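One structure is given below, encoded as C-alpha cells.
Small disclaimer: the values here were computed from a predicted structure and weren't measured. Computation of the quantities below employed the complete heavy-atom set of this structure, encompassing side-chain atoms and omitting hydrogens, waters and symmetry-equivalent molecules.
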Amino acid sequence: MHSSTARSLDVQVADAARAMAALGLVDAFGHVSARDVDHMVITPAADLATVEVSNCIRVPLNATSLPSGCPAEAWAHLALYNRFPATGAIARAQPAASLAVGMLAERIAPTHGQACWLGDSVPVYPSAQLVRDADRGRRLAEAIGSSDAMILRGNGAIAMAVDPATAVATMSVLAAACTVWLQTRDEPAAAMSADEIRSWQAVKHELLPRLGAHLLRKAATTRPAH
C-alpha cells in the first residue's frame, strides 16, 4: 500500500506524463519520474498518453536491477537522482528540434530569457548510444554538469526539476530553446550578456512553476476524454 505522499507523487507523475504526450514533446517513447526519499516513481515503458496512476513503478535509488515493465533508460534517472540530491523530478522526451541541435552543436547558450532557466548553457551528450545500463547512466549524469537539461545526440533530451510539472516546463523551455537556436544560429545576433542571464535566473523559482501549471492545464484541455 502506498503512503498518501507516495500516492500524490504517482498522481503527479502520471499527470506530467500525459501532459508531455498532449504537448507533443514525446512520441511512443519517453518517461517521467519523481524522487520519493530513497525511491523514485517512474512511468512504465509505454506510450505516455496511456499512463495511469496504477501503471507507475517504484524503483529504489540504489537499485542494481530494474523491475519488470520499467523503461531501460531508468538508469539515467537513477544516476541523476544520486548525483543531484536537490533534483525532485526528471523528464525524458524527444522534442524534434533537439534532434537537429544534437547533430550540429556541442552545447548551446541561452537563446531567449526563459532558456536561461536551463543553466548558463545546455550541453549535448556526445554519444547516441542508448543509456540502458548503470555505467552509461553515470556517464550521462556527469556530463550534464551544472545545467538542468541536456540534449542527447540522436536521442532527444533529458531535464531535471523540483517536481514533475516543473520538469515538463523545463523540457518545454528546452524544446523552444532548440527551435530558436536553429532559427538564429546563422544570424549575427548578440549573445545574451551575463547580467541578462542572471536576471532571468533570479526569477526562475517564481516563474518556472507557473509555466508548469499552465502547461498541465493546457494539456488537460487538449486531451480526448476517456
Side-chain angles (χ1 to χ4, degrees), residues 16-17 19-27 30 32 48 76 80 84 86-126 140-141 143-222:
M20 292 253 287
L23 295 166
L25 293 170
V26 295
D27 45 32
V32 179
L48 292 191
L80 288 168
F84 300 101
T87 294
I90 294 168
R92 174 79 173 87
Q94 301 84 26
S98 72
L99 299 174
V101 172
M103 303 303 292
L104 295 170
E106 295 182 355
R107 67 175 52 240
I108 61 172
T111 52
H112 63 294
Q114 291 183 9
C116 300
W117 299 336
L118 303 172
D120 290 350
S121 65
V122 177
V124 175
Y125 191 60
L140 181 149
I144 201 169
S146 60
S147 299
D148 282 348
M150 184 160 63
I151 298 161
L152 309 182
R153 176 178 166 85
N155 200 17
I158 196 162
M160 304 184 293
V162 296
D163 57 56
T166 312
V168 174
T170 303
M171 184 60 72
S172 177
V173 168
L174 177 59
C178 289
T179 298
V180 175
W181 186 87
L182 289 170
Q183 293 172 341
T184 61
R185 68 190 180 97
D186 294 326
E187 300 298 325
M192 296 187 71
S193 71
D195 286 344
E196 288 172 326
I197 292 172
R198 295 292 175 267
S199 71
W200 276 91
Q201 291 176 344
V203 296
K204 170 183 175 178
H205 298 297
E206 173 193 351
L207 300 184
L208 190 58
R210 188 193 305 178
L211 178 59
H214 162 76
L215 291 172
L216 261 64
R217 285 194 299 271
K218 178 181 178 181
T221 63
T222 61

Is [Y] close to [X] at the side-chain level, that is, under 4.5 Å between some pair of heavy atoms?
X: L208; Y: L211; result: yes
X: P110; Y: I197; result: yes
X: W200; Y: H112; result: no
X: K218; Y: L23; result: yes
X: L140; Y: L80; result: yes
X: M171; Y: V26; result: no

Considering all heavy atoms of both residues, which atom of [X] and which atom of [Y] are nearest to each other, and what is their separation?
X: A97; Y: T179; result: CB-OG1, 3.5 Å
X: V124; Y: R107; result: CG2-N, 4.0 Å
X: M20; Y: A91; result: CE-CB, 3.8 Å
X: P95; Y: A175; result: CB-CB, 3.6 Å
X: A177; Y: L118; result: CB-CD1, 4.3 Å
X: A141; Y: F84; result: O-CE1, 3.7 Å

Working to the nearest 0.5 Å, report the span between [atom1] of [X] and [atom2] of [Y].
X: L25; Y: Q94; atom1: CG; atom2: CD; value: 9.5 Å
X: I151; Y: L99; atom1: CD1; atom2: CG; value: 10.0 Å
X: S121; Y: E106; atom1: OG; atom2: CD; value: 11.5 Å
X: I158; Y: T170; atom1: CD1; atom2: OG1; value: 12.0 Å
X: R153; Y: Y125; atom1: CZ; atom2: OH; value: 12.5 Å
X: I90; Y: M160; atom1: CD1; atom2: CE; value: 7.0 Å

* To do: Could you walk me through whether T87 and D148 pass side chain to side chain contact (heavy atoms under 4.5 Å, CB included), step by step?
  => CA-CA 9 Å; T87 294; D148 282 348; over 6 Å; no

* Asked: Between E196 (side chain) and S193 (backbone), is there a donor-acceptor pair under 3.5 Å?
  -> yes

* Asked: Is the backbone of V173 close enough, under 3.5 Å, to the side chain of Q114 for a donor and an acceptor to pair up by distance?
  ->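 No, Q114 side chain to V173 backbone: no donor-acceptor pair under 3.5 Å.
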
* When you check the gap from the basic side-chain N to the acidic O, do D120 and R198 get nearer than 4.0 Å? ->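 Yes, charged N to carboxylate O under 4.0 Å.
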
* To do: Would you sort out whether C178 and L174 count as a side chain to side chain contact (heavy atoms under 4.5 Å, CB included), showing the intermediate values?
  => CA-CA 6 Å; C178 289; L174 177 59; 4.1 Å; yes

* Step by step, would you call L152 with R92 a side chain to side chain contact (heavy atoms under 4.5 Å, CB included)? -> CA-CA 10 Å; L152 309 182; R92 174 79 173 87; 3.5 Å; yes

